[in-house]
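The chain is numbered in sequence order, starting from 1.
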Amino acid sequence: MILDTDGMKPIYIQIAEWLESEILHGNFQADEKVYSQYKLADLYNINPATAAKGLTKLAEEGILYDKRGLGKFVSTHAKQIIIDKRKNQTLKNLVEDLVTEAGRLELSEEDLIKLVRDAWKGEQG
């Protein structure tokens with residue numbers, strides 16, 4: 001992952017989203033230890049406090065949990081928490097933006113649904 005240090009999204013959020021993606025892709029399993037704040041800081045050449053903030057965010061959401069003295073680990077339900085969060089936040093916002101733009105372009109509901117179906121078919125290969 002390459003951090004966007006010039007963008008609008010804070011670095012700690014980018015770190016948290018990257019870890020979420022790693023969990024979704026199976027690179028970190030339930031009850032497996034994730035990188036420490038120092039390892040993340042070293043990997044991405046960032047301040048350890050920034051990395052810690054990303055880890056803390058995931059812990060607050062129940063995606064990670066602490067083992068005292070050992071670090072942060074992936075919770076049992078982490079994958080489902082991430083899926084629900086992304087579906088209810090990210091996808092919902094994208095769909096709302098899509099519908100708004102379709103309205104501006106005076107697309108019919110059928111035309112919009114066709115565009116979505118075509119994109120889905122293209123994504124599925």
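Residues Thr50 and Leu40 form no side-chain contact, since every pair of their non-hydrogen atoms from C-beta on lies 4.5 Å or further apart. The shortest distance between side-chain heavy atoms of Thr56 and Leu58 does not fall below 4.5 Å. The shortest distance between side-chain heavy atoms of Leu24 and Lys79 falls below 4.5 Å. Counting only heavy atoms from C-beta outward, the side chains of Leu70 and Lys33 never approach each other to under 4.5 Å. In this structure, the side chains of Gln37 and Lys72 stay at 4.5 Å or more apart for every pair of heavy atoms. Side-chain contact between Tyr44 and Ile15 is present, with heavy atoms from C-beta onward closer than 4.5 Å. At least one side-chain heavy atom of Arg117 sits less than 4.5 Å from a side-chain heavy atom of Ile113. Two residues are said to be in side-chain contact when any heavy atoms from C-beta on lie closer than 4.5 Å; Val116 and Leu98 meet this criterion.
Asp66 CG to Leu55 CG: the interatomic distance, rounded to the nearest 0.5 Å, is 9.0 Å. Rounded to the nearest 0.5 Å, atoms CG (Asp97) and NZ (Lys92) are 11.0 Å apart.
Nearest heavy-atom pair, Gln14 versus Lys9, reported as atom, atom and distance to 0.1 Å: NE2-O, 2.9 Å. Annotation for Gly62 and Ser75: closest pair O-OG, 2.6 Å, computed over non-hydrogen atoms. Of all the heavy atoms in Asn47 and Ala41, the pair that sits closest is C-CB, 4.1 Å.
Classification of Lys114 and Glu110 as a salt-bridged pair fails, no side-chain N sitting under 4.0 Å from a carboxylate O. In summary, Lys57 and Glu60 do not engage in a salt bridge, as defined by a charged side-chain N under 4.0 Å from a carboxylate O.
Aromatic ring orientation, Tyr35 versus Phe28: perpendicular (interplanar angle above 60°, classes split at 30° and 60°).
Using modelled atom types, one finds no donor on one side chain facing an acceptor on the other under 3.5 Å when comparing Asn93 with Gln89. With 3.5 Å as the limit, one finds a donor-acceptor pair spanning the side chains of Asp111 and Ser108.
Judged by distance alone, the side chain of Thr76 and the main-chain N or O of Ala30 form no donor-acceptor pair under 3.5 Å.
When the side chains of ILVMFWY residues are joined at heavy-atom separations under 4.5 Å, either directly or via intervening members, Val74 and Leu19 end up in a single hydrophobic cluster. A single hydrophobic cluster is not seen to contain both Ile13 and Ile81; linkage of ILVMFWY side chains at heavy-atom distances under 4.5 Å, directly or through other members, places them apart.
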